[in-house]
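Single-structure report; data block below.
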Amino acid sequence: MDYLPIFADIRRRPCLVVGGSDVAWRKTRMLLKAGADVRVIARELNDDFQQALQAGRIKYLAEEFVPSDLDGIFLAIAATDRKAVNALVYQSANQRQVMVNVVDDTQRCSFIVPSIVDRSPIIVAISSSGKAPVLARLIREKLEALLPQHLGRMANIAGRFRERLAQTVSSVTARRYFWEQAFDGQFSKLVASGQEKEAEQELVSLSLQAQQRVQQQTLPQGQVALIGAGPGDAGLLTLRALQLMQQADVVLYDYLVSDEVMELVRRDAELVCVGKKAGFHSVPQEATNQLIVRYAEQGNRVVRLKGGDPFVFGRGGEELEVLFDAGIPFQVVPGITAAAGATAYAGIPLTHRDYAQTAMFITGHLKPDGDQLDWSTLARGKQTLVIYMGLMKSSHIQEQLLGHGRAADTPVAIIERGTQKSQKVLKGQLGELTTLAQHAASPSLIVIGEVVNLSEKLHWFGKQEQQPQQPAVVKLA
C-alpha cells in the first residue's frame with residue numbers, strides 16, 4: 001500500500017491553491033465542497049475563480065508564491081504550468097510539514113486526490129497511487145452505476161437515529177443486527193421510494209423488536225456456512241461465497257486459503273486458523289469441530305473457509321455431521337477444487353477424446369494402517385490421475401504406478417501454488433516423479449497422463465518455460 005487512505009476533516013481549515021487554471025479550479029471546487037477555507041495564488045484567474053472570488057468563497061492572496069504563504073496552512077495544492085514554481089511549493093511545504101499535492105507529479109506529492117463516488121455522507125474513494133488515473137476513473141464510473149442514489153439519504157436518517165438506538169439497545173451485537181436488517185430490508189426500500197417519514201417509523205419498529213430481544217436475552221440463532229475458497233485466485237470465488245465472507249462474525253480458515261482470498265473477509269471478523277500443515281502447529285479435526293459448534297452456539301454467523309472445494313478431500317462432510325448432531329443450521333458453498341482450477345491455469349485439460357476418457361482424483365495422504373488404493377486401476381492408460389498432497393509420497397506413487405504397468409515415459413506435471421501469480425509448473429515423465437517432487441513446495445498438485453503434453457499448446461497463465469538449477473533432465477513449465 002503506497003498511500004494511507006484517510007478521510008480528512010478540512011472544514012474551515014486554511015488550504016492553499018497555487019494556480020488559476022481549469023485544473024486548479026477542479027481541485028479548488030473539491031476543497032470548497034469539503035468546507036475548506038481556500039486561499040489562491042495565481043497570475044491569472046479563470047472565470048470560475050473570478051466568480052468564486054466575487055461571491056466571497058475564496059481569498060486571493062497574490063500573483064506570485066513565496067514560501068511564507070504556507071505559514072499556518074493545513075494543506076496545499078500546486079497546479080501551475082511552471083515546474084520551478086511547483087517544485088518550490090513542494091519543497092517549502094515539506095520544510096513546514098504541510099501536506100502538499102503537485103498536480104500530475106506524483107514524485108512531489110505527500111498526498112494524492114482520489115477519484116470519488118459521492119453519495120454524501122457516503123463517500124467512495126478510488127486511487128491507483130498516481131500510477132493509472134484513467135483506470136481509477138473507469139472504476140469510479142462503474143461504481144457510479146452500481147451504487148443507488150438514495151444511499152446518502154439513508155445514511156443521514158441512520159445517523160440521526162444512532163443515538164436513540166444506543167440509548168434503548170445496549171448490546172453492540174444487537175445493534176449491528178438491527179442495522180443490517182434495516183439496510184437490507186424495508187427501511188432501505190422506503191428511503192429509495194422517497195417515503196422518509198415511513199422509513200423513520202420502520203426504524204422505530206425495528207428498534208422495539210431489538211430491545212425486546214435484548215430484554216429477553218434472546219441471542220440470534222447461530223449458523224454456519226461451509227465455503228470452498230478455491231485454489232488461490234480470489235477471482236474464482238463465487239458471489240455467494242463473497243457475500244457470506246463479508247457477513248461473517250467468525251471465520252475459521254485453513255493454511256491453503258490464499259492471502260488474496262483472506263483480504264476479502266469482513267475486516268472486523270474474528271479470524272481463527274485451524275489449518276494443518278507439515279512443520280506447523282496443527283489443530284486436530286475434533287478440536288476444529290468443537291470450535292465451529294461453540295462459535296455457532298454463541299449466536300455467531302460462522303464461516304468455515306477451506307481451500308478448494310470442502311467436499312473434495314476437505315473433510316467438509318465430517319464437520320457438517322457434527323453440526324447436524326448439534327442442531328445447528330448450515331449451508332454449503334462449493335468452491336473450484338484444485339484439480340479443476342490448477343490444471344486449467346496450467347493448460348492441462350483433465351479429459352480429452354484422444355488422450356483421456358477418465359479423470360481420477362486421489363489423495364497422497366494415505367492411511368497409516370495400510371495402502372488401500374487399487375493401483376492396478378490407477379495405473380491404466382488413457383486416463384488422467386490427479387493426486388492431492390502427494391509430494392511426500394511421490395517416491396511410493398512412482399514405484400506403485402510403474403510396478404502396476406504405467407509406462408515410465410508417461411507425462412507428469414507438478415503444479416505448485418496453482419492459479420496464483422506465483423504458480424509454477426514442473427513437467428517431466430513418470431520415471432522422474434521423485435526427482436521433480438524435490439523441486440516443488442506445498443501446496444502442489446501432481447497430474448499424470450498424456451493430457452500433460454497439451455500444456456505446450458494450451459498454457460495461457462503466467463510463464464510457461466523456466467530452467468531448474470538441477471537436475472538437467474527436469475523441464476519446468
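Throughout, residue positions are numbered sequentially from 1 according to the sequence presented. Just so it is clear, the structure is predicted and the values come from calculations on it, not from any experiment.
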Out of the candidates Asp48, Val23, Ile58, only one should pair with Thr28 under the side-chain contact (heavy atoms from CB on, under 4.5 Å) rule; please name it.
Ile58
Any side-chain donor near an acceptor of the partner, Asp47 and Gln51, under 3.5 Å
no
To check you understand the geometry: which heavy-atom pair defines the closest contact between Phe178 and Phe161, and what is its length?
CZ-CE2, 3.8 Å
Polar contact flag, side-chain donor to acceptor under 3.5 angstrom, Asp249-Tyr295:
no
When you compare the side chain of Lys306 with that of Val257, does any pair of heavy atoms fall below 4.5 Å?
no
Heavy-atom count check: over 12 atoms from other residues, nucleotides or ligands less than 6.0 Å from Tyr3 OH?
yes
If you measure only the distance, is there a donor-acceptor pair under 3.5 Å linking the side chains of Arg240 and Gln331?
yes
Identify the two heavy atoms, one from Val283 and one from Cys273, that lie closest to each other, and give their separation to 0.1 Å.
CG2-O, 3.8 Å
Quick one, Tyr90 with Asn86, criterion side-chain hydrogen bond (donor to acceptor under 3.5 Å, both in side chains). Give me CA distance, side-chain angles, the key distance, then yes/no.
CA-CA 6 Å; Tyr90 172 74; Asn86 291 343; over 6 Å; no
Row check, Tyr177 ring normal vs Arg301 NZ/CZ: under 6.0 Å, within 45°:
yes
Heavy-atom closest contact (Trp460 atom, Ala344 atom, distance)
NE1-O, 2.8 Å
Between Asp22 and Asn46, do the side chains contain an N or O donor and an N or O acceptor separated by less than 3.5 Å?
yes
Would you call the rings of Trp25 and Phe49 parallel, tilted or perpendicular, taking 30° and 60° as the class edges?
perpendicular
So, Glu416 side chain and Ala440 main chain: donor-acceptor pair closer than 3.5 Å or not?
no
Indicate whether the side chain of Gln195 and that of Ser193 have a donor and an acceptor atom separated by less than 3.5 Å.
yes
I'd like to know if the side chain of Ser207 and the backbone of Val204 have a donor-acceptor N/O pair within less than 3.5 Å.
yes
Heavy atoms, side chains only, cut-off 4.5 Å: are Thr343 and Pro349 in contact?
no
Within the 4.5 Å heavy-atom criterion, are Gln221 and Glu297 side-chain neighbours or not?
no
Between Asn101 (side chain) and Ile77 (backbone), is there a donor-acceptor pair under 3.5 Å?
no
What one should report as the nearest heavy-atom pair of Gly130 and Ser127 is N-OG, 4.4 Å
Which value, rounded to the nearest 0.5 Å, describes the distance between Arg417 atom CZ and Leu256 atom CG?
12.5 Å
Report yes or no: does Arg176 contribute a side-chain atom to a donor-acceptor pair with the main-chain N or O of Val172 at less than 3.5 Å?
no
Indicate yes or no for a side-chain donor-acceptor contact from Arg153 to the backbone of Val191 under 3.5 Å, with no hydrogens or angles considered.
yes
Would you check if the side chain of Ser258 reaches a backbone N or O of Gly232 as a donor-acceptor pair within less than 3.5 Å?
yes
Is it the case that the side chain of Trp179 and the backbone of Ala158 share a donor-acceptor pair, with hydrogens and angles ignored and the cut-off at 3.5 Å?
no
Does any non-hydrogen side-chain atom of Leu31 lie less than 4.5 Å from one of Ile10?
yes
Does Arg304 reach the side chain of Leu252, with side-chain heavy atoms less than 4.5 Å apart?
yes
With no hydrogens and no angle check, is any side-chain donor or acceptor of Lys393 less than 3.5 Å from a backbone partner on Gly364?
no
Verify the neighbour count for atom CG of Asp104: are there more than 12 heavy atoms of other residues, nucleotides or ligands below 6.0 Å?
no
Can you tell me how far the CG atom of Asp309 sits from the CD1 atom of Ile336, to the nearest 0.5 Å?
9.5 Å
Any side-chain donor-acceptor pair under 3.5 Å between Arg137 and Ser115?
no
Check the side chains of Thr337 and Tyr388 for a donor-acceptor pair under 3.5 angstrom, ignoring hydrogens and angles.
yes
Using only atom types and a distance under 3.5 Å, with no angle test, would you say the side chain of Glu44 pairs donor to acceptor with the backbone of Gly20?
no
Closest non-hydrogen atoms of Pro310 and Gly335, given as atom of the first, atom of the second and distance, are CD-N, 4.1 Å
Tell me the closest heavy-atom pair linking Ala339 and Leu445, and the distance in Å.
CA-CD2, 3.7 Å
Could you tell me whether a side-chain N or O of Thr168 sits under 3.5 Å from a main-chain N or O of Leu165, the two making a donor and an acceptor?
yes
